[in-house]
Number of protein chains: 2
Amino acid sequence: MSAIEQAELENFSADWRDFPVLNRALTSRLQSDGIEVEWDDKRVSHYHFLWLRDNCPCPQCIHPGTREQIFEIIDVPEDLRAETAELKGDELLVRWQDGHESAYGTGWLRAHSYDSESRQERQQTLRTANVWKTDLAIPTFDYKAVMSEDQALLQWLLAVRDTGLTLMTGMPTTEDIMEQVAHRISFIRESNFGTLFEVRTKVEAVNSNAYTSLQLPAHTDLPTRELQPGLQFLHCLVNDATGGESTFVDGFAIAKAVREQSPEDFKLLTEVPVSFRNKAPQSDYRSYAPIIGLDARGEISEIRLANWLRAPFDVAGADMPAFYRAYRRFFALTRDPAFIVSHRLAAGEMWCFDNRRTMHARNAFDQTSGMRHLRGCYMDRDELLSRILVLQRTC
Amino acid sequence: MSAIEQAELENFSADWRDFPVLNRALTSRLQSDGIEVEWDDKRVSHYHFLWLRDNCPCPQCIHPGTREQIFEIIDVPEDLRAETAELKGDELLVRWQDGHESAYGTGWLRAHSYDSESRQERQQTLRTANVWKTDLAIPTFDYKAVMSEDQALLQWLLAVRDTGLTLMTGMPTTEDIMEQVAHRISFIRESNFGTLFEVRTKVEAVNSNAYTSLQLPAHTDLPTRELQPGLQFLHCLVNDATGGESTFVDGFAIAKAVREQSPEDFKLLTEVPVSFRNKAPQSDYRSYAPIIGLDARGEISEIRLANWLRAPFDVAGADMPAFYRAYRRFFALTRDPAFIVSHRLAAGEMWCFDNRRTMHARNAFDQTSGMRHLRGCYMDRDELLSRILVLQRTC
């Protein structure tokens, strides 16, 4: 056991959700395998005995301080039955064969019903990403407001979550500002490139001219990692060079376009794993995953692609032409002007985008024309989502 | 474009692998959709035109400094054909319709063949985890050797990767030692609990007696995160208390046992997502994933389970009894003495285990009997695997 559990137990306070009684339970019926509750809107919910026993909220089963479960479901027999079930006020009272007693708030019970109607209802409340194309009005947020007002912070974070591309303006151009903004959300994710990275080009750096003339296509950063960084921050401290526009495409919009154009190509891109590799003197990162990732609900949840970090495709010969067809379709769409959003970052502006969704392209610029200094860092989606949920408790 | 790409490009040196000629190519034949090569062991490999063109190693297609691809496959037509194909020495020379020329080393070509025999051969070289039960001789490594010899470091890391549970002995008991050992591998993964965590109990801390008497079952840490930490380090600085054994089970061994006992239960545990939640005043982490995770190859790659962080199961009513049957089967095996390994960590010893595989259980101890101080941190599997590959270049 680690300190994490200790910390989780000590810091944990209540389940922050309330479960108000939105529907009254009219009747409860003891059945052979569970308890059936009929609600005032005619919905009927069945609760299996094990499920109910597993979720008993009494202080012997749930630690009153931590609100986490102490009880373990294998400590009752699989065929455990209730002896009585009774509605009383806003509670369902259950007495078990072994004498244990449970009282469930009907608000909680209704919120966790798993009849098909209730599950469908919950499904419908799940958010889906707002996909965008070239006509996106980039959601833009003011530094001072975000730093001083929780409501402004929340609005920014919701845009990062739902649109996946945001611009912050009015930032100082001192070196520690980006970390301060990132820490309004949470801690920064380190990589083998450090906690912060610098994109700095000076007028005299002519020896890397050839290198900067490489046209890097739209991509996600660190596709060689099992978990690509969720968010990328890029703060512009100096931009006196000409050119240097940032360009972005919504990888989710492109994945959807692929699905519309060819469900078969979409299937290949979600099912066939591709190797990404990045070898350096002190590191050798390799991943093996499909280009379009789906979450446990089957929703598009991730794009993984940097053309120059791909290993040779390793699929069965009979499938190779189809896989190239799918790959080319996806890749061609990342170049389609209909999807491309671009903006030249000025000093005091910062991008914050979803690196597992919003693909960014390398922007050419004339490095003999002036200095350019961007500073970047990563964070994971978990931290973003956690911060949003905490802010939503009070905002 | 971020500094990451810059760093990746600048730091990148050659593909570190050599591809010696292990089989001679006897003939090459231009076909309607690709080139067929026959090898001296009678194997016949077919390479599609697009695949070959995509992997052209010439300096216009692959940046000679970075060894990464500049060419993008959508810049040639889908029906691109070779005009000629010819074996010359250890190279396959191809001249394309558009005049571009490619020369492939036959060693490289053979190593990347995707005929079914070649793919099967590569499949067989993939390692599988060494699963263990109670009779495991815990792989044990000496601190001094690991810190001073790359070969000893490599052996330790291979054991972490393949067995998922290791003990380090002979460590100083000063506070910064664990970080130094961790940095022999790579950087530490931060969480909302910090970069390092402390498990410290003093004789006088009687007010938390009730809390420490909680029996936490075998679990993985931070199952509420999209990516659970890969490795957990726990360094014992002081252990004067009686009791306090660490106990572990191999979650992969248990998953395999479930699969043997009931393929149907195994399927449910790999397919039905479960919510894990952890709410605190300043955080609210939620994940939604199956308890047994499979990788892109279909191999067991992860266990995700902490009984007290589970949300109520949300599966269709008709499937609920079967899901409880599967969950109880898995959970019961984590208590089965046949799977449990235990050892009482002494001062100067450290665990390093795979947190996504090796489940650890809370160990009760008498905190009135003496002081106990463990220090822990996390790291991801990517860092472990990268370090192994780098060490293997020279060890």
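Of the residues considered (B:Ile62, B:Thr195, B:Val76), B:Val76 shows the highest number of contacts with chain A, using heavy-atom pairs under 4.5 Å. When the candidates A:Asp115, A:Val315, A:Val272 are compared by the number of heavy-atom contacts under 4.5 Å with chain B, A:Val315 comes out ahead. Ranked by heavy-atom pairs under 4.5 Å with chain B, the first of A:Pro77, A:Ser186, A:Ala289, A:Gly376 is A:Pro77. Heavy-atom pairs under 4.5 Å with chain A were tallied for B:Arg329, B:Glu271, B:Arg297, B:Arg189; the largest tally goes to B:Arg297.
Contact between B:Phe331 and A:Ile74 at its shortest, heavy atoms only, is CD2-CD1, 3.1 Å. Looking at every heavy atom in both residues, B:Ser283 comes nearest to A:Ser386 through CA-OG, 3.3 Å. Between A:Asp382 and B:Leu227, the shortest heavy-atom contact is OD2-N, 4.4 Å. Summarising the geometry of A:Arg393 relative to B:Ala280, their closest heavy-atom pair is NH1-O, 2.9 Å, with the distance given to 0.1 Å. The shortest non-hydrogen separation linking A:Gly317 to B:His48 is O-CE1, 3.0 Å. Across all their heavy atoms, A:Glu78 and B:Arg328 have their closest contact at N-NH2, 3.0 Å.
Heavy atoms closer than 4.5 Å to chain B are found nowhere in A:Ile388, neither backbone nor side chain. In this structure, the portions of A:Tyr288 lying under 4.5 Å from any heavy atom of chain B include both its backbone and its side chain. Of the atoms belonging to A:Phe49, not a single heavy atom falls under 4.5 Å from chain B. There is no contact between A:His46 and chain B, counting heavy-atom distances below 4.5 Å. If you measure heavy-atom distances from A:Val274 to chain B, you find no contacts under 4.5 Å at all. In this structure, chain B has a heavy atom under 4.5 Å from the side chain of A:Arg310, while its backbone stays farther away. Of the atoms belonging to A:Arg375, not a single heavy atom falls under 4.5 Å from chain B. Of the two parts of A:Arg335, only the side chain, counted from C-beta on, holds a non-hydrogen atom closer than 4.5 Å to a non-hydrogen atom of chain B.
Rounded to the nearest 0.5 angstrom, A:Tyr327 OH and B:Leu50 CG are separated by 12.0 Å. Between the CZ atom in B:Arg225 and the CG atom in A:Leu385 there is a gap of 12.0 Å [rounded to 0.5 Å]. Here the straight-line distance linking atom CG of A:Leu389 with atom CZ of B:Arg277 works out to 9.5 Å at 0.5 Å rounding. In this structure, the separation between CE on A:Met320 and CG on B:Asp54 is 9.5 Å, given to the nearest 0.5 Å.
Side chains of A:Asn278 and B:Glu68 form a contact here, defined as non-hydrogen atoms less than 4.5 Å apart. Taking the side chain as every heavy atom from C-beta outward, B:Gln69 and A:Asn307 approach each other to under 4.5 Å.
Salt-bridge annotation for B:Glu226 and A:Arg356: present, with a side-chain N of the basic residue lying under 4.0 Å from a carboxylate O of the acidic one.
Of the possible polar contacts, none joining the B:Asp314 side chain to the A:Ser113 backbone as a donor-acceptor pair under 3.5 Å is found. Proximity of a side-chain donor or acceptor of B:Trp51 to a complementary backbone N or O of A:Phe313 within less than 3.5 Å is detected.
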Before you tell me yes or no, could you show the steps for B:Asn192 and A:Phe187 under side chain to side chain contact (heavy atoms under 4.5 Å, CB included), namely the whole-Å CA-CA distance, both residues' side-chain angles and the distance that decides it to 0.1 Å? CA-CA 7 Å; B:Asn192 59 315; A:Phe187 60 91; 4.2 Å; yes
Margin query: Using side chain to side chain contact (heavy atoms under 4.5 Å, CB included), reason through B:Gln282 and A:Val390 one step at a time and then give a plain yes or no.
Written below: CA-CA 6 Å; B:Gln282 292 307 322; A:Val390 170; 4.3 Å; yes
Practice task
Step by step, work out the side chain to side chain donor-acceptor pair (under 3.5 Å) result for B:Glu383 and A:Tyr285.
Solution key: CA-CA 8 Å; B:Glu383 276 61 60; A:Tyr285 284 94; 2.7 Å; yes
Exercise for review: Applying side chain to side chain contact (heavy atoms under 4.5 Å, CB included), run through B:Asp284 and A:Gln392 and close with a yes or a no.
Suggested key: CA-CA 11 Å; B:Asp284 192 333; A:Gln392 284 176 331; over 6 Å; no
